[in-house]
Amino acid sequence: MKRDGMLDLNDALQHPGRVISVDISTDMPGEADVELTAPIEGFLEAESTGNQLLLKGEFKTRCTLQCARCGGPLEQDLSFEINEDFPVDGIASMYAQDDFARVVAEEDFPIFEENNLIVEALLHQGLIVSLPQAPLCAYGWDGDCPEARNLPRATPSSSTPLESLASLLEEEQP
Ligand SMILES: [Zn+2]
């Protein structure tokens, strides 16, 4: 059922009401935005209502983040849930001789290839939204952090150098 990171969802799509359930474990070889120190592991369930495909799952992993104050590495557990629905076109083949159900592809960030789920693309989305906004090492904002001692005191709202540069460039626009 699973090949090349693809999960064929036709069994669910062509049989509304049937739940397919898979255990997933992946090292996320294409993950460029988050530094994972453990595979993403969990389970995924897919079910079609006829006009919607429901995806539900729970996953956990470990990753290295950067402390928002001192920039030091911060390894922490991360868990996230998947709870998504996608429109379905066509009539499930269990009801139709000459038609079949197709999940409607999203344009900007595809997570389906026809009726195959690109598992790692879905997990990437779940991972990104579950990341803490400003992770902090054990010293927090006010502790006597040896890494942060020589740095100007940062605040959660301080902008990154790139953001400052971007706002400078914007100001120069006519
Ligand atoms: Zn820190």
Side-chain angles (χ1 to χ4, degrees), residues 1-90 92-94 100-141 143 145 147 156 160:
M1 184 157 22
K2 191 168 179 294
R3 59 171 174 85
D4 303 335
M6 296 282 192
L7 180 63
D8 183 349
L9 294 179
N10 272 303
D11 201 26
L13 284 164
Q14 309 314 332
H15 301 90
R18 180 180 292 181
V19 178
I20 61 176
S21 181
V22 286
D23 289 324
I24 289 174
S25 172
T26 170
D27 291 325
M28 298 287 283
E31 180 57 61
D33 294 337
V34 185
E35 194 181 328
L36 297 177
T37 57
I40 294 185
E41 289 180 335
F43 72 92
L44 189 69
E45 286 180 356
E47 180 182 4
S48 171
T49 64
N51 53 22
Q52 276 197 318
L53 174 69
L54 313 175
L55 295 181
K56 288 179 191 167
E58 286 179 25
F59 295 91
K60 59 181 170 51
T61 184
R62 265 182 94 70
C63 66
T64 301
L65 303 170
Q66 228 185 11
C67 173
R69 179 181 172 210
C70 68
L74 195 59
E75 192 178 358
Q76 60 175 238
D77 292 324
L78 210 60
S79 58
F80 60 93
E81 293 181 3
I82 299 286
N83 210 334
E84 304 275 349
D85 49 75
F86 303 91
V88 173
D89 258 357
S93 63
M94 71 180 285
F100 66 99
R102 294 167 291 271
V103 66
V104 179
E106 296 186 354
E107 291 131 37
D108 41 351
F109 190 80
I111 64 166
F112 294 98
E113 220 177 85
E114 295 177 340
N115 283 341
N116 298 301
L117 174 70
I118 309 167
V119 173
E120 278 145 16
L122 177 75
L123 293 180
H124 172 79
Q125 283 189 340
L127 186 63
I128 293 301
V129 298
S130 72
L131 289 176
Q133 291 287 316
L136 289 171
C137 66
Y139 296 99
W141 287 115
C145 173
E147 299 289 336
T160 66

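Please read these numbers as outputs of a predicted model, since none were measured by experiment.
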Counting C-beta onward and ignoring hydrogens, is there a side-chain heavy-atom pair between L36 and D27 closer than 4.5 Å? no

Side chain to side chain contact (heavy atoms under 4.5 Å, CB included) filter on Q14, not counting sequence neighbours, yields N10, A92, S93, F100, A101, N115

d(L7 CG, E113 CD) to nearest 0.5 Å is 13.0 Å

Correct closest heavy-atom pair for T64 and P73 would be CG2-CB, 4.0 Å

Exercise. Less than 4.5 Å apart, any side-chain heavy atom of F86 and any of L55?
Worked result: yes

### Task
Report yes if some heavy atom in the side chain of F112 is under 4.5 Å from a heavy atom in the side chain of L122; otherwise report no.
no

Practice task
Taking the side chain as every heavy atom from C-beta outward, state whether L65 and Q76 have any atom pair closer than 4.5 Å.
Solution key: yes

**Item:** L127 and I40, any side-chain heavy atoms less than 4.5 Å apart
**Value:** yes

For F80, the ring pair (Phe, Tyr, Trp, His ring centres under 6.0 Å) test, sequence neighbours excluded, returns F59

CD of E84 to CG of L54, rounded to nearest 0.5 Å, is 10.5 Å

- prompt: Hey, are S25 and D23 close enough side-chain-wise for a donor-acceptor pair under 3.5 Å?
  reply: no

One should read off an interatomic distance between D85 CG and Q52 CD, to the nearest 0.5 angstrom, of 4.5 Å

T37 and E75: side chain donor to acceptor below 3.5 Å
yes

The reported gap from SG in C63 to CG in D33 (rounded to nearest 0.5 angstrom) is 12.0 Å

Residue pairs passing the salt bridge (charged side-chain N to carboxylate O under 4.0 Å, His left out) test with at least one member in residues 12-22, sequence neighbours excluded, are D11-R18

Chi angles and distances behind the side-chain hydrogen bond (donor to acceptor under 3.5 Å, both in side chains) call for E120, T26: CA-CA 8 Å; E120 278 145 16; T26 170; 2.6 Å; yes

G126 and I82 have their tightest heavy-atom pair at CA-CD1, 4.1 Å

- Query: Would a 4.5 Å heavy-atom cut-off, applied to side chains only, mark P135 and C67 as touching?
  - Reply: no

Check whether any side-chain heavy atom of C145 lies under 4.5 Å from a side-chain heavy atom of R69, and answer yes or no. yes

Rounded to the nearest 0.5 angstrom, the CD1-CG distance for I111 and L123 is 9.5 Å

- Less than 4.0 Å between a side-chain N and a carboxylate O, is that true for E114 and R102? no

Output for pair (L78 CG, T61 OG1), nearest 0.5 Å, gives 7.0 Å

